[in-house]
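The structure appears right after this line, and notes come after that.
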Amino acid sequence: MSLSNLTRPWAAFSYGFLDPSAKREIRRKMIKAIAVPGCQIPYASREVPIARGWGTGGLQVTLTLIKPASVVKVIDQGADDSVNAASIRRFLSRVSGAGETWDTLAATIVQSRHRIPEERLRDDQVLVLQVPNPEPLRPVQPNMSIARQMHADADYGRLWLVLYEQMVRSGRIMQGAAYPALVNGRHVMTPSPIPRWDVPKLNMARHLTFLSAGREKRLYAVPPFTRVEPLVFSDVPYKVEDHTRLTCHRSGLTGVFMNEIPQAAGGSVFEASDSHLGIKAIRRAEGDAAEIGPLWYQNGEFRG
Amino acid sequence: MSVLDRLAPELITGAPLLVMQGIAKRYGPVVALEDVAATVWPGEVLGIVGESGSGKSTLLRMMNLEDTPDTGTYTLALPEVAGNLFDLDRFARRQLCARRIGIVYQNPHQGLLMGHSSSGNVAERLLVAGERRFATLRARAREALDVSEFPLNRMDDPPRLLSGGMQQRVQLAKAIALEPALLLLDEPTTGLDVSVQALVLDTLKRLQRDRAITMVIVSHDLGVIRTMADRVMVMRRGRVVEEGLVDQVFQDPQHPYTQELVHAKL
């Protein structure tokens, strides 16, 4: 049994795999999510032919947004060529007739896990983030009913309490990924497991961002030009990962987010996490005309 | 102004801080409170005594706006609020509780986050009130714990690793961190052994003397009330049966129930 037996060739009735009623439901919830930035909207997460926890949330949002003229890019931990990213991208293209790309500049829909591309997203692009745990309050309040009341009350003291205790214990903020951020001055969201490096990219961004958790059946959104402020103490500034001095050992890129690759002989080398940016940099070095768009960061500094 | 008014201490002639009137609450057929009135003047300590089930804790929960009565009004003489506090919306109520009312529960599990550090528990109170500077949070948490005579070398231990007396001190530090207008104590020393009880009461007494905090203390232990309170309210079956100065009530109880209570104590 293969995917081609399981999926019908696309027809007007069930375009994009999901049936029309499912898409209508998700579309309504997406509009709701845009209307209340950062607020988690419950939705009826449907079955899609990948396992829960592998990006079903993001996939459903993408399937709802997709049209034949779309061009999709799928990222898994910054890479376009990992198994999960490749199979999701192929599936999207198969059920919708949309184009596939690795290039951030060419994409209209970017579905991602763990990273936001290093190239600045435009206002005609939509970013869809796969979220494993949409509830920022879960570490401090295991009871989800009470957590929802806390959201309603904007009662976020305990999230700061977690940061306070990290400062007391370690002298600095230890929260690496999924750094809680206040959206539009009202709801605190967890921006999925993206690193601290990527959180400023959501603030006053030109693009629309959806964050969707398939297993937890919640989606939320950051509309364009919306404030996204990471929770910080006013006397302890927000710091992104310090990757300024690191150089990609393959492409020679500097000032972008790096993956550390341990070596058998000990020590480690670094590689640009945004794999296609690395590929484009190599092509340019080889004399090809690969266009690299404007980057969010320059020399490790975020450009507002 | 009559002679009596002039002779009355300043405490009684000023405007009261807390006024509760006509409080009634039923849980189905069970009458929890029936036409209860309470008045507390600034800087005063009001004790509430009564047997289990007399409604004293329910009354205290209402003072902390955790519970609402079927009928009755509650006002606090504070600049930011006016009118019946039971009519406040959820948000305003929470803000008022966080900023102006401190509470110490009998069971520390009710008032503390057991998994977080003790100083963090105090800091959380400040965070809820909007403090966002780490250095200030740290300093004020330390100060509040110090005032509560908590050993500062343990300030970053979670309360679950602390003794009962120390847990009560953390609760107290949390309650007074924002210098509340009203401090509510719900059986603060019940369950502690006698020597620790004396130490905690000592701290409370000193705090009261130094800062003139208005307190309402609920206890079934007459000794605690006698040490702490200026005035006492005796409750039974949801009603106030006797009210007056502590010395007066305990030396010359009028109501048969109070007589029994005082007699049993002696």
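A note on names: the letters A, B, ... follow the listed sequences, proteins ahead of strands, and every chain is numbered from 1.
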Residue among B/Gly130, B/Ser119, B/Ala141, B/Ala129 with most heavy-atom pairs under 4.5 Å to chain A: B/Ser119

For B/Leu126, is it the side chain, the backbone, both, or neither that has a heavy atom closer than 4.5 Å to a heavy atom of chain A? neither

Tell me, side chain or backbone of B/Arg94 under 4.5 Å from chain A's heavy atoms, or both, or neither? side chain

Determine whether the aromatic ring centres of residues A/Phe302 and A/Trp197 are separated by less than 6.0 angstrom. no

Is there a side-chain contact between B/Leu172 and B/Leu183, using heavy atoms and a 4.5 Å cut-off? yes

Side chains of B/Glu124 and B/His116: do they bring a donor and an acceptor to under 3.5 Å? no

Rounded to the nearest 0.5 Å, what separation is found between the CD1 atom of B/Ile101 and the CG atom of B/Leu178? 12.0 Å

Which portion of B/Phe134 sits near chain A, non-hydrogen atoms under 4.5 angstrom: both

At a 4.5 Å cut-off on heavy atoms, which part of B/Ala123 comes close to chain A: side chain, backbone, both, or neither? side chain

What residue, out of B/Arg125, B/Arg133, B/Glu131, has the most heavy-atom pairs lying under 4.5 Å from chain A? B/Arg133

Please state whether the side chain, the backbone, both or neither of A/Gln141 comes within less than 4.5 Å of a heavy atom of chain B. neither

So how far is it from A/Leu253 CG to A/Met258 CE, rounded to the nearest 0.5 Å? 6.5 Å

With heavy-atom distances below 4.5 Å as the criterion, would you say the side chains of A/Pro134 and A/Tyr220 are in contact? yes

Check each atom of A/Val168 against the heavy atoms of chain B and say whether the ones under 4.5 Å are side chain, backbone, both or neither. both

